[in-house]
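Take a look at the structure set out below.
Numbered from 1 within each chain, the chains take letters A, B, ... in sequence-line order.
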Amino acid sequence: MNNLALISEQRDFAVSSSSLKDVRSFSREVFEKVDIEQDLKDELVLAIAEAAQNIVKHAYQNQETDDKMEIKISLQNGNLEIGFFDKGRPVDDKNVRHRKIDDIKPGGLGTFFIQQIMDAVVFKEGEKPWINHLILTKKINY
Amino acid sequence: MSYKVTEEGNISIVHLDGEIDMDVTEKAKEIIMPLIEAKKEVHLNLKEVQYMDSSGISVLIESHQKATELGTKVILKDISKSVLKVIMMAKLEQILNLG
């Protein structure tokens with residue numbers, strides 16, 4: 001595919017741990033269209049799946065819901081932006097747990113992975129009907 | 001995720017297969033923890049695990065900690081490239097037993 005092509009794809013997912021495989025499939029499908037190293041594709045898929053997992057675990061506290069979450073992947077001129085939209089509990093950026101490098105307790109690892117993989121992680125208040133809008137960005141050299 | 005458990009003396013070998021994410025971590029714990037509680041040495045064969053996320057890594061950490069507490073150990077065997085990468089990203093290669 002033409003490397004300069006604009007990619008902008010979005011999909012809704014049920015807010016459930018059972019949706020995570022679908023989130024990965026969607027992400028893999030999108031990154032198949034981009035001429036980047038497989039290792040980077042795998043990392044991006046992991047970051048996206050971790051962010052989706054955090055919505056299930058934290059915004060919805062693993063509670064069953066009919067709500068959907070939306071994931072939008074955009075790439076233009078080497079700027080990758082991944083947006084996550086949900087209607088769960090408002091996320092307070094200050095309460096997001098970051099794992100310390102020497103901490104081997106389970107938990108907080110997902111956010112740690114996201115930070116390692118992406119260039120920037122921004123939490124925003126979602127525009128109606130959304131409550132939370134998480135934006136992950138990364139400059140892609142291809 | 002699918003699995004197979006074989007026994008060799010006091011060693012339980014757990015072959016895990018597939019993708020290990022939040023959706024299957026309880027199942028993974030149900031397989032591994034009773035073996036550790038029975039004070040078996042547990043070898044987790046991760047050759048056929050194509051994907052593991054932070055939830056899967058948490059299972060590895062909890063298993064390692066439980067085994068240490070009970071005086072036994074969990075050894076990770078034949079780790080697939082993708083899982084090793086995630087273990088290294090979590091900076092756990094010096095903490096977990098990589099066999």
Side-chain angles (χ1 to χ4, degrees), chain A residues 13-28 31 37-64 69 96-118 121, chain B residues 1-2 16-33 36 42 44 46 48-69 73-76 79-98:
Chain A
F13 299 91
V15 179
S16 162
S17 62
S18 60
S19 293
L20 296 173
K21 59 180 177 301
D22 301 325
V23 169
R24 294 196 295 275
S25 297
F26 165 65
S27 310
R28 286 172 184 143
F31 293 126
E37 294 285 319
Q38 186 59 46
D39 273 5
L40 178 55
K41 289 181 188 178
D42 293 342
E43 287 179 9
L44 294 170
V45 170
L46 179 64
I48 292 169
E50 293 290 356
Q53 183 183 151
N54 281 346
I55 293 173
V56 176
K57 267 164 93 171
H58 302 300
Y60 284 86
Q61 299 183 297
N62 292 317
Q63 288 172 349
E64 279 188 32
M69 56 183 167
V96 175
R97 195 152 45 112
H98 303 286
R99 178 184 181 266
K100 289 179 187 143
I101 204 162
D102 56 350
D103 189 356
I104 61 156
K105 285 180 203 151
L109 260 177
T111 307
F112 181 74
F113 287 163
I114 294 168
Q115 287 174 324
Q116 282 204 310
I117 294 164
M118 305 305 295
V121 178
Chain B
M1 181 193 78
S2 60
L16 296 172
D17 193 331
E19 300 198 322
I20 301 181
D21 66 7
M22 180 190 175
D23 200 36
V24 300
T25 47
E26 282 311 311
K27 186 177 168 190
K29 282 192 217 172
E30 280 169 21
I31 300 160
I32 299 164
M33 290 303 183
I36 298 170
V42 177
L44 291 181
L46 303 174
E48 302 299 335
V49 177
Q50 296 95 24
Y51 173 88
M52 183 178 282
D53 68 6
S54 61
S55 297
I57 295 292
S58 293
V59 173
L60 300 184
I61 296 171
E62 283 177 49
S63 305
H64 171 79
Q65 289 177 333
K66 187 75 180 173
T68 305
E69 186 188 313
K73 55 187 168 183
V74 172
I75 303 176
L76 309 182
I79 307 168
S80 66
K81 189 183 156 213
S82 58
V83 173
L84 183 61
K85 191 175 168 188
V86 180
I87 288 172
M88 293 180 77
M89 199 183 289
K91 307 196 186 301
L92 292 170
E93 67 274 22
Q94 304 293 330
I95 310 275
L96 301 174
N97 295 313
L98 276 51

Neighbourhood of chain A inside residues 49-57 of chain B, taking heavy atoms under 4.5 Å as contact: Tyr51(B), Met52(B), Asp53(B), Ser54(B), Ser55(B), Ile57(B)

Side chain to side chain contact (heavy atoms under 4.5 Å, CB included) against Lys41(A), all qualifying residues, sequence neighbours excluded: Phe31(A), Glu32(A), Ile36(A), Gln38(A)

Residues forming a side chain to side chain contact (heavy atoms under 4.5 Å, CB included) with Met88(B), sequence neighbours excluded: Leu84(B), Glu93(B)

Donor-acceptor pair, side chain of Thr25(B) and main chain of Met22(B), under 3.5 angstrom: yes

Sidechain-backbone polar pair: Lys27(B) side chain, Met1(B) backbone, donor-acceptor under 3.5 Å: yes

Gap between atom CG of Leu109(A) and atom NZ of Lys91(B) - 0.5 Å precision: 11.5 Å

Partner set under ring pair (Phe, Tyr, Trp, His ring centres under 6.0 Å) for Phe26(A), not counting sequence neighbours: Phe13(A)

Under 4.5 Å from a heavy atom of chain B, the part of Asn54(A) involved: neither

Val86(B) portion near chain A, given a 4.5 angstrom heavy-atom threshold: both

Most chain A-contacting option - heavy-atom pairs closer than 4.5 Å, from Asp21(B), Asp23(B), Leu60(B): Asp23(B)

Residue pair Leu20(A) / Ala52(A): nearest heavy atoms and the distance that separates them: CD2-CB, 3.9 Å

Interface residue of largest heavy-atom contact number with chain B, from Asp39(A), Asp42(A), Val45(A), under 4.5 Å: Asp39(A)

Pair Glu19(B) + Lys21(A), salt bridge at N-O below 4.0 Å: no

